[in-house]
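Step one of this worksheet: look at the structure below.
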Amino acid sequence: MPTDSMVVYVAWHPDPPAGPDVSLGARLAREAYATWTRDPLRPIARGIGLPVYFRSASGGRRPLAISPDSARHTVLALLIDDRMVADPEWRAWAGETGEALLACPAHRVVCAALSPNAYQMDDRLRHLNFIRLHDRPLSEQLSYWRWGMTCELASALISESAPGSPPIRLFISHAKADGKELARALRDFVTAAEFPLHTFFDANDLTYDRPFAEEIERSARDRFTILVGIETDAFSARPWCQRELLASKEAGAAVVVVDALSRGEDRRFPYLGNVRTLRWEPTRPDDATAKAAIIEAALRELLAQTHALEILRRLRAEGLGPAAAALLPRAPELVTMLQEDVRRAAVVVYSDPPLPDAEIELVRRACAPGTLLTTPLQGLAQAKPLAGLRVVLSISEDLEGLAARGLGAEHVHDAWVEIARYLLAAGATLVYGGDLRVGGFTESLLQIAQAHRSEVGAAPAEAAVNLVSWDRASMIDPATEAAYARVARFERLELPADLRARFPDLLAASLDASLDSECIRARCYTAMRERGNALAQARLVLCGRTHGFRGRYPGILEETWLAIRQGLPTYVLGGFGGCAHAICAALQGRPDVMRQELRAVDAGRAALIDRFNLHFAAGSPIESEQVTADLARAGIPGLRNRLDEAANLELFATLSIPRMIRLVLEGLRGVAARGVPGAP
């Protein structure tokens, strides 16, 4: 049974030379993730949250298979260029995958022609309507593709709740006195784009057998109408414009407002707010960039609202929200509280982030006495099921392993951000050992902790503890500590005592690339990991490199091994591959995966291992075989994480971030409520 309502796969043929993939396909794939999932460069932004995965391979290799059962709606976006057409493995893969997906009406295949030769692709795809990117200037291709794809995604999600519904419809609400030219320009722009998107230009486009308001409300309830209000100087004073906007909002339709004011208004219609707003200079009706941005924003708003409802329903079904709550896909306002199911509800749950207190108090006055208005994160924050619990996080990227699984660094970063967000909301304090690289995991954690405190106001006084190993202590400057002083504590660790006695005058700045320096660093990292385990009541493990590391073992491996030896409840998320995947295999009695990785790595570190074990081990030598054997011996029961075997096996494999969060929260609730199993 699929757990996701929709999953998107973006497939492209990479550039053949070694090194970073700089092809147009790779660029579009990264844009897809930022547009429909979340922007990894903006960790506190929510995004739409649609799962997006990658499919890319070259050198005669086929991409990974796609299961038609991965979600209720599986969408394959094929970015077809000359390399893909010329590659027989790709042609066969695309044809077979497309045929399997199209056998189910709920799934879709969307082909984008990056080259005039794209139509020579497999015959099983040639009947599809291609998005013709090669006909457009390079500067327009990105936005045009996002527009077409967003239209397809929204249409697929809507069709589930309204089978047989017509194409998405755009109602262009405008004042004829000064907005008709802009409205006509927008309508003509949509028509010329040749996407399955219909427009209402004015009341004459509606059917004659129903009153106006009834027709608008019926369309909005079917969830395939978007209202675009072109706010010119005359807009707010026109009764029909007011009625169109109010009817759409009350029915829960997607709404986008276009600011096209010239001189201004004597009184702005108060219900133009609480929606996405864009600027269009009224003297430039021919501005194609502005028109494309408006259409894309409208489609994105429809997709975001539709998927937000899916997420809220899933959270409610999984016990992460009140069973009888009314659901709103965007922040409530007075007019949306008039919806029939909302008026009757004792609890109204709307999408994060929460509204400010002053605004929510005003909205609450329109509700029945005692009505609770909340978001999923607020609900967790109010209950605080993990209050007082410290969770130490183990995470790093394995870019090569991610690519082999159809993933990128953005997937790991996204999982990290969302898990941290929910753990903080539940009242946990997060412990992490890392530096402050721009865009790195530590920076993201601190930003999330700060944003959570300002939004929910219920973060623990010490939301995050950042452990800094002795050799990296100078990387944390006082300005950084001051910036996050209200949510985080930076703990600089000392050089292990036996090394201080041995090297009384040693400074971190004097470390170099010598074997002795590397041995000292390894001891410092072990000390940091031991400190993390000592501070925390649980550890969470995600991805991780098995090569190119500094330390006794790969960081994720050492942290997991030490946690299990200590009896610390541990959660291993293995779906993203890397060291965590090898750990999962060992815990299931298959240590050879880890053993082979470590043998290959240790062979290149023989001199370092010998030097460390002879002169720096202090009773804890590097013994990779022993670590692997310990994990296999511990098995799944050794995780002691209050999850049964079936739940742990799902956690080992799932790529669904909501499922990861659900399972981790379930286990941690058990740890917080009943304590660590076997603890004194």
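Fair warning: this is a prediction, and the values are worked out from it, not measured in the lab.
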Sidechain-backbone polar pair: [X] side chain, [Y] backbone, donor-acceptor under 3.5 Å:
{"X": "Asn648", "Y": "Leu643", "result": "yes"}
{"X": "Tyr571", "Y": "Met660", "result": "no"}
{"X": "Tyr553", "Y": "Glu623", "result": "yes"}
{"X": "Gln588", "Y": "Leu649", "result": "no"}
{"X": "Tyr350", "Y": "Leu355", "result": "yes"}
{"X": "Arg531", "Y": "Glu491", "result": "no"}
{"X": "Arg55", "Y": "Ala65", "result": "yes"}
{"X": "Glu558", "Y": "Gly551", "result": "no"}
{"X": "Thr429", "Y": "Ala463", "result": "no"}
{"X": "Ser517", "Y": "Asp512", "result": "yes"}

Counting C-beta onward and ignoring hydrogens, is there a side-chain heavy-atom pair between [X] and [Y] closer than 4.5 Å?
{"X": "Leu386", "Y": "Val671", "answer": "no"}
{"X": "Tyr484", "Y": "Gln447", "answer": "yes"}
{"X": "Leu499", "Y": "Leu506", "answer": "no"}

Closest heavy-atom pair and its distance - [X], [Y]:
{"X": "Ala508", "Y": "Trp470", "answer": "N-CH2, 3.3 Å"}
{"X": "His307", "Y": "Ile48", "answer": "ND1-O, 3.0 Å"}
{"X": "Ile556", "Y": "Gly544", "answer": "CG1-CA, 3.5 Å"}
{"X": "Ala325", "Y": "Val349", "answer": "CB-CG2, 3.7 Å"}
{"X": "Leu495", "Y": "Cys524", "answer": "CD1-SG, 3.8 Å"}
{"X": "Phe549", "Y": "Thr546", "answer": "CE2-O, 3.5 Å"}

Nearest 0.5 Å, what's the [atom1]-[atom2] distance between [X] and [Y]?
{"X": "Arg611", "Y": "Ile622", "atom1": "CZ", "atom2": "CD1", "value": "13.0 Å"}
{"X": "Leu445", "Y": "Leu424", "atom1": "CG", "atom2": "CG", "value": "6.5 Å"}
{"X": "Glu397", "Y": "Leu407", "atom1": "CD", "atom2": "CG", "value": "12.0 Å"}
{"X": "Leu562", "Y": "Ser394", "atom1": "CG", "atom2": "OG", "value": "9.5 Å"}
{"X": "Leu573", "Y": "Thr654", "atom1": "CG", "atom2": "OG1", "value": "8.5 Å"}
{"X": "Leu430", "Y": "Ile448", "atom1": "CG", "atom2": "CD1", "value": "8.5 Å"}

Partner of Val572 under side chain to side chain contact (heavy atoms under 4.5 Å, CB included), chosen from Leu587, Leu631, Leu651
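Single pass found, and it is Leu587.
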Should the pair [X]-[Y] be classified as a salt bridge under the 4.0 Å nitrogen-to-oxygen rule?
{"X": "Glu481", "Y": "Arg492", "value": "yes"}
{"X": "Glu418", "Y": "Arg38", "value": "yes"}
{"X": "Glu518", "Y": "Arg605", "value": "no"}
{"X": "Arg30", "Y": "Glu410", "value": "no"}
{"X": "Asp498", "Y": "Arg523", "value": "yes"}
{"X": "Glu462", "Y": "Arg390", "value": "yes"}

Within the 3.5 Å criterion, strictly below it, is a donor on Asp516 or Ser514 matched to an acceptor on the partner's side chain?
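The criterion, which ignores hydrogens and geometry beyond distance, is not satisfied for Ser514 and Asp516.
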Got a sec: does the [atom1] of [X] have more than 12 other heavy atoms crowding it under 6.0 Å?
{"X": "Glu494", "atom1": "CD", "result": "no"}
{"X": "Arg500", "atom1": "CZ", "result": "yes"}
{"X": "Arg27", "atom1": "CZ", "result": "no"}

For the pair Leu312 and Ser351, evaluate side-chain contact (heavy atoms from CB on, under 4.5 Å) and give the outcome as yes or no after the intermediate values.
CA-CA 7 Å; Leu312 291 173; Ser351 295; 3.9 Å; yes
Go through Thr570 and Asn641 one step at a time and tell me if the side-chain contact (heavy atoms from CB on, under 4.5 Å) criterion holds.
CA-CA 6 Å; Thr570 303; Asn641 60 16; 5.8 Å; no
Stepwise side-chain contact (heavy atoms from CB on, under 4.5 Å) check, Cys519 with His615
CA-CA 9 Å; Cys519 291; His615 301 289; over 6 Å; no
Test Glu625 against Arg599 for side-chain contact (heavy atoms from CB on, under 4.5 Å), laying out the working first.
CA-CA 9 Å; Glu625 291 283 345; Arg599 282 175 179 170; 3.0 Å; yes
Anything under 30° is parallel, anything over 60° is perpendicular, the rest tilted; go ahead and classify His411 against Phe54.
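It falls in the perpendicular class, over 60°.
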Row check, Phe616 ring normal vs Arg502 NZ/CZ: under 6.0 Å, within 45°:
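The answer is yes, since Arg502 meets both limits relative to Phe616.
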